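The structure under discussion appears below in the form of structure tokens.
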Amino acid sequence: MAYKQHFIEWFSGKQLPSYWTQNIANGTLAMADEVDGGVLLSNDAVSWKRVSINFNDKRQYAHDGSVSIGIVKRNTTNSISMFGFSSGDTHGSLIQGCLYFDDSTETYKQLNTGNGSSGSSTVSDVAVSTDWTSVKTELDATNAYLSLGGVLKVTKSTLHPISKMQPICMNYGRASATASSSSFRYMEAYNT
């Protein structure tokens, strides 16, 4: 039975609230100094490093009935914006998760899932961009879903997570060793 944990974050104010855990490997995290700028996760010009925020492994969201909703923007090339649920503080084949990806080296935005042993992505028909994007990831007992701009774009039935997860927002710098950043304006997470 899933608990009805409902969380809303507007990413506003002078600093990130203390319930977020910051994971910074060669970068910075700051509240953007602009109207509705949200939180800005920035990587220095170092290859394959990440800046992320999560719930410090407090995994309250069900693998078989949960939703994350957000407003996300990849600001730079040579980077990946990630948003959704993960069992850890990163991504990869050994992580259980359901994550939205906007990868500057790809053509389309995608949904990535992992079951702790393996992971994969399914692409949408929405081109990658540096625009604000409304994102919704959803998990039920058999499928993962990605909606962009309020429209369902991906239904994925493979490599479904098998245990509870935590919310995560991440900017991941690519191999080119140039500075990169992503912004997160809003996050909502709840069990269904």
Side-chain angles (χ1 to χ4, degrees), residues 1-23 29-32 35-41 50-74 81-91 95-102 109-116 119 122 124 126 132-157 159-171 182-192:
M1 180 174 127
Y3 295 100
K4 299 290 183 182
Q5 301 290 337
H6 198 144
F7 170 78
I8 296 175
E9 177 67 69
W10 285 101
F11 295 117
S12 63
K14 290 186 174 186
Q15 63 187 25
L16 191 68
S18 61
Y19 46 78
W20 285 104
T21 296
Q22 302 175 24
N23 298 292
L29 182 151
M31 301 307 287
V35 175
D36 291 330
V39 64
L40 179 65
L41 308 182
R50 72 182 185 283
V51 176
S52 67
I53 56 174
N54 60 50
F55 277 9
N56 196 29
D57 291 333
K58 293 176 181 74
R59 300 179 186 123
Q60 301 170 314
Y61 298 96
H63 68 284
D64 56 358
S66 58
V67 173
S68 71
I69 299 170
I71 301 175
V72 181
K73 179 171 74 162
R74 179 178 51 79
S81 293
M82 292 177 239
F83 170 87
F85 293 120
S86 178
S87 63
D89 71 347
T90 185
H91 79 290
I95 299 298
Q96 295 188 58
C98 179
L99 294 164
Y100 157 79
F101 269 46
D102 186 326
K109 298 173 190 246
Q110 50 193 285
L111 177 66
N112 179 277
T113 61
N115 63 9
T122 302
S124 71
V126 178
W132 286 107
T133 302
S134 170
V135 176
K136 178 180 180 184
T137 67
E138 185 172 0
L139 290 161
D140 63 23
T142 56
N143 293 313
Y145 307 92
L146 174 65
S147 296
L148 299 170
V151 178
L152 179 64
K153 294 295 182 177
V154 175
T155 300
K156 188 173 187 297
S157 61
L159 301 172
H160 201 279
I162 57 173
S163 64
K164 291 182 182 177
M165 296 165 294
Q166 64 184 330
I168 190 166
C169 300
M170 183 186 311
N171 183 75
S182 297
S183 297
F184 300 86
R185 182 185 288 169
Y186 175 80
M187 179 178 226
E188 182 175 358
Y190 57 91
N191 286 317
T192 56

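Numbering starts at 1 and runs along the sequence shown. Everything numeric here is computed off the predicted structure, so don't read it as measured data. Computation of the quantities below employed the complete heavy-atom set of this structure, encompassing side-chain atoms and omitting hydrogens, waters and symmetry-equivalent molecules.
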* Asked: Within a strict 4.5 Å, meaning less than it, do heavy atoms of the F184 and E9 side chains meet?
  -> no

* **Over all atoms of both residues, closest heavy-atom pair of S66 and N191** => CB-OD1, 3.6 Å

* Asked: Which heavy-atom pair separates L41 from S52 by the least distance, and what is that distance?
  -> CD1-CA, 4.3 Å

* Asked: To the nearest 0.5 Å, what is the distance between NZ (K73) and CG (N171)?
  -> 12.5 Å

* To do: Identify the two heavy atoms, one from I168 and one from G88, that lie closest to each other, and give their separation to 0.1 Å.
  => CD1-O, 3.8 Å

* Does Q166 use its side chain to pair, donor to acceptor, with the backbone of D57 at less than 3.5 Å? -> yes

* **Geometric class of the H160/H63 ring pair [parallel <30°, tilted 30-60°, perpendicular >60°]** => perpendicular

* Asked: Are I69 and Y190 close enough that some pair of their side-chain heavy atoms sits under 4.5 Å apart?
  -> yes

* To do: Kindly indicate whether the side chain of K164, heavy atoms from C-beta on, has any atom under 4.5 Å from the side chain of Q96.
  => no

* Closest approach of R185 to D36 (non-hydrogen atoms, all atoms of both residues) -> NE-O, 2.8 Å

* Asked: Are any non-hydrogen side-chain atoms of L29 and V39 less than 4.5 angstrom apart?
  -> yes

* Nearest 0.5 Å please: distance from the CZ atom of R59 over to the CZ atom of F85. => 13.5 Å

* Measure the CZ-CG distance between F11 and L40 for me, rounded to the nearest 0.5 Å. => 12.0 Å

* Asked: How far does CE of M165 sit from OH of Y61, to the nearest 0.5 angstrom?
  -> 11.0 Å

* Spacing of OG belonging to S183 relative to CZ belonging to R74, to within rounding of 0.5 Å -> 11.5 Å

* **Any side-chain donor near an acceptor of the partner, S81 and D102, under 3.5 Å** => no

* side chain to side chain contact (heavy atoms under 4.5 Å, CB included) with T137: which of L111, T113, L99, V154? -> L111

* Find out whether P161 and N115 are in side-chain contact, i.e. whether some heavy atom of one side chain is under 4.5 Å from a heavy atom of the other. => no

* Asked: Does the side chain of C98 reach to within under 4.5 Å of the side chain of Y145, using non-hydrogen atoms?
  -> no

* Is there a side-chain contact between S124 and L148 (heavy atoms, below 4.5 Å)? -> yes

* Can you find a pair of side-chain heavy atoms, one from Y100 and one from T133, that are under 4.5 Å apart? -> yes

* To the nearest 0.5 Å, what is the distance between OH (Y19) and NZ (K58)? -> 13.0 Å

* To do: Could you label the plane-to-plane angle of the W10 and Y186 rings as parallel, tilted or perpendicular, counting under 30° as parallel and over 60° as perpendicular?
  => tilted

* **M31 versus L16, closest heavy-atom pair with distance** => SD-N, 3.8 Å

